[in-house]
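A short write-up of the structure that comes next.
The figures that follow rest on heavy atoms only: side chains count, while hydrogens, waters and symmetry mates do not. Heads up: numbering here begins at 1 and tracks the sequence. Order of appearance sets the numbers: ligands from 1, and atoms from 1 within every ligand.
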Amino acid sequence: TNNVTTSANIPGLFVDGVCVDCPRFDGVGAISGGGATSRLLVDYPPDVQAEILDFLFLPNFGASLHILKVEIGGDSYSTDGSESSHMHSQDDLNLSRGYEWWLLKEAKKRNPHILTYGLPWAFPGWVTDDVKNPFQHIDRLTNYTLQWVKGAKEVHGIDIDYLGIWNERGTNREYVLAMRKVLDASGFNNVRLVVNDGQPKDLCPLMVNDTEYINTADILGFHYPNDKSGVWPICSSFDTPIWASEESSSYDDLNGAACWARVMASHYVLNNMTGNIMWNLVGSYAHGTGWYASSMLTAVQPWSGYYEWEQMPVVWATAHYTQFAFPGWRYMPVGKGSGELAQGGYYMTLVSPDQKYFTVIVVKISREHAPCTRPRLWNWSTQDEVFQITVDLPILSEADEDSADGETQTWYSNLEQEDTVLFQKLDNPGVLSRVSSFVKSSKLGVRSYDISLNVTAGSVFTVTNLMQAGNKGTAKVRNKPDARFPLPYYDDFNSYQCDNCYSKYLSDQMGAFEIHFIDDGNTDKNGELWQRRALVQSAPQVPVGWQGTTKNGPMTVVGMTEWEDVGLQVSFRLPDPGTFVCISTRTDQFWSNGVSMCANTSSWFLVYGGAPMAGFDTKAAIAHGTLPASLRQDYWHILGLSTQGHQVEASVNGDVVVGKDDVSIRVGDSGFVALGASAYAAVQFGHIHIEPVG
Ligand code: 147
C-alpha cells in the first residue's frame, strides 16, 4: 500500500447562496430499446416482474434510475429485435403498441420524478421516399414524432422530458429547428431536444457559428465518448450540457459494473459531462441475439421466473450514484471538490440545491478491470491510497444546528473481486469479511466532515450526510433458473385480450408481428369458424432501417439458439398471390442461416444455410416445386418443417414435399424457430406449434 494523501477543500464558491461554477447534475439513466431489449420482461409472472421493475426504478431500493430512455419503435431491427411503430402508415395511429408505454408507466408509478427520453432507431417507410434518409419530408417526420409525444401525454399521462433525433445515423438541422417549432406550437415547450446521439465529430464542427442550431439543441448527447480525445474543445465552447447519452454495452458482471462506475465519474471529471445513460436497461432478449446480457440485470426466463437476483453488480454500482444524488443537484467543480485521485481514479462532490446535503463519490478502478465495450482505454496505473477530503460548504454550519448534524454514512463496493466482494470494514480495517457489493459501513455518526478513506483498487465509496438515503433492496421472489424454453409450445393467438399487442415469447426481428382481431369469416373443412384472432405482420412497407437488414422480409423468432431437432407447424393466410410465407428452424436473428420452408399461392421452396430470400433464386433452394392445387388466399393453410440431425421433413397442408431422405443438412447446426414473409405484406398466422423431435 502506497499511502498517499489527496485532500480537497471546498472553498466558498457560493455567491448569494448559489454556486455559480457548479454544473448541474442531470442524472443517471438506462435505455430500453435499441432494440427490443425489454421484450421478454413483458412475459414474466407479475410478482417477479414487479420486483425487477423495483430493482430498476424504485427510489432508494436498487438502481433507482433518474432517467428512462426508450426506443420510439420503427418497425425495424435495432440490435435485439424490432419494436412496433405507433404509425405503421401515414393514416395509422395506435398509442398502445409495444411495451415502452407500459414500461414508462411502471417507472413513473415507482418514481413520479423519473425523467423520460424518447429516441428512434428506425422509422416506418412512409415518412420518406428514400429508406436511407428519414429527413426527406420534414413535415411528415415532425408530425410522426409529435404524435408520439402527444400520445405519451394524452393517452398515458406521461410527460416526455427529452427527445432525440435518430440513433447514431445523424441529425438534420432543418428537422431539429422544425421539431422545436412544432413542439412549442403544440404546448410541449418543456420537451428538451438531445442532439445527436452519435459522435461529437459528426455534430460540433457543423454547429460552429450556427447559434440557432446551438441554441435549439438543449443537450449534446454522445455515445461511448472517449474521455481522452474527440472534439471536446468545440463541443464545450457552446456551453450546452453534454451527456453520455449511451454508455457501457458491457456485461452485467463485475467488469461491467467497474466500467460503468468508472465512466460516470471520468466523464464529469475529465469532460464536464453531466448525464450518463447505460445501454441497456434490462437484458430480456434471448441468448444468441446480439449483446446478450449487456445490461443492468438479465431476465431472460419468463417461463421459470428466474432473473439474477443473487448478484446484480451493475445495479449496485449504479446505486452508489443514484441513491445519493438527484437531478438538479450540483457537481462541485474540478479542482474544488471534484477531481482525479493522485494515484489513479476519480472523486466528485455533489451538493443538494439547498446545500444542506453533500455526497462524495470516489472510484478507483485499475486499468485491467476498467474496459467497457468501447472506446479503447488510454494508459493509466492505479495504486492504493488514502484519500482525505474536507467538506466545508457555507450552509453546513447551519445544518449543524439540526440533530443529525455532522453525521455521515459510507457505502462501499469493490468491483474487482469475483463472485463475492471483500469488504474492508472501515472501523476495523484489519478485518476482511466476505459480503456482496453496496455495503453500508458500520461506522456511522462520524460527526465530522473531514473524511478519510482507504481507497484500494476496485473501490467505490459513497460518503454522504443524507442520512435517510441508501438502501440495499432484497429479492423476495427467488425462483430457480431453468434456461430451457418449455416444449411443446402451442399458441393459436385466440386467448389474447388485446389488439395490436405482441404474442407471448415471440421476438420480432424485422417488421411488426401483432395480434389482431381478424374478420376472416372463414371456416374450416367442417364449416366451423376457425378462429377470431391471428398474428398479423403489420408493417406495410420496407422501413427506414437502422442497420442494413432490409434484404430479408419481416421475421420473428422464438425459442432458443441452442435448438437443433424440433418440429414446427404453422397455419397461415396469404395476403396476395406473390408473397411467400416462410417458417424456419436452426436460424438466427438475421435469418442468415438455418432451414427455411416457404410457400406462396402456387409454389414452395426449401432453403438451407442462407437467408430464405435467396431461395427465390431457385438455384439456392435445396428443393422446390409447384403446388398441385394452388393455395386459396381466403383459406388457412399449414406449413410443416422438422429437422432432426441431418434430416429435414417439410409439408404443405399435410402433404410431405421434402421427405427425410430427400436432402441432407449438417448435423450440429442449431438456432431459433422463425416465422416470416418475403415482403412487407399482411401475412396472417393462425397458430404455431413446436415440439421436440427425437
Ligand atoms: C449502439 C446502439 O446504439 C445500441 O442500440 C446497441 O446496438 C449498442 C451495442 O453496443 O451499440 O451502437 C453503436 C455501434 C457502434 C459504435 C457505437 C455504438 N461504435 O463503433 O462506436
Protein contact of atom 14 (C) of ligand 1 - nearest heavy atom, named by residue and atom, plus distance: Glu168 OE1, 3.4 Å

Residue, atom name and distance, where the atom is the protein heavy atom closest to atom 5 (O) of ligand 1: Gly34 O, 2.5 Å

Validation row, ring centre Trp563 to ring centre Phe485 under 6.0 Å: yes

Short N or O distance, Gly33 and ligand 1, threshold 3.5 Å exclusive: no

side-chain hydrogen bond (donor to acceptor under 3.5 Å, both in side chains) involving Asn133 - partner list, sequence neighbours excluded: none

Ligand 1 N/O within reach of Trp546 N/O, cut-off under 3.5 Å: no

Residue part near ligand 1, for Asn167, under 4.0 Å between non-hydrogen atoms: side chain

Numbered atoms and elements of ligand 1 in range of Thr79, under 4.0 angstrom, heavy atoms: 4 (C), 5 (O), 6 (C), 7 (O)

Partner of His66 under ring-ring contact (aromatic ring centres under 6.0 Å, His included), chosen from Phe57, Tyr321, Tyr117, Phe25: Phe25

Proximity winner for atom 19 (N) of ligand 1, if only heavy atoms of Arg374, His223, Gln199, Glu246 are counted: Arg374

Residue pairs passing the salt bridge (Lys or Arg N to Asp or Glu O under 4.0 Å) test where at least one lies in residues 366-376, sequence neighbours excluded: none

Trp303 ring center near Tyr505 ring center (under 6.0 Å): yes

Distance flag, aromatic centroids of Tyr77 and Phe590, threshold under 6.0 Å: yes

Heavy atom of the protein closest to atom 10 (O) of ligand 1 (residue, atom name, distance): Ser249 OG, 2.5 Å

N/O separation below 3.5 Å, Thr373 to ligand 1: no

Mutual orientation of the aromatic rings belonging to Trp316 and Phe438 [parallel < 30°, tilted 30-60°, perpendicular > 60°]: parallel

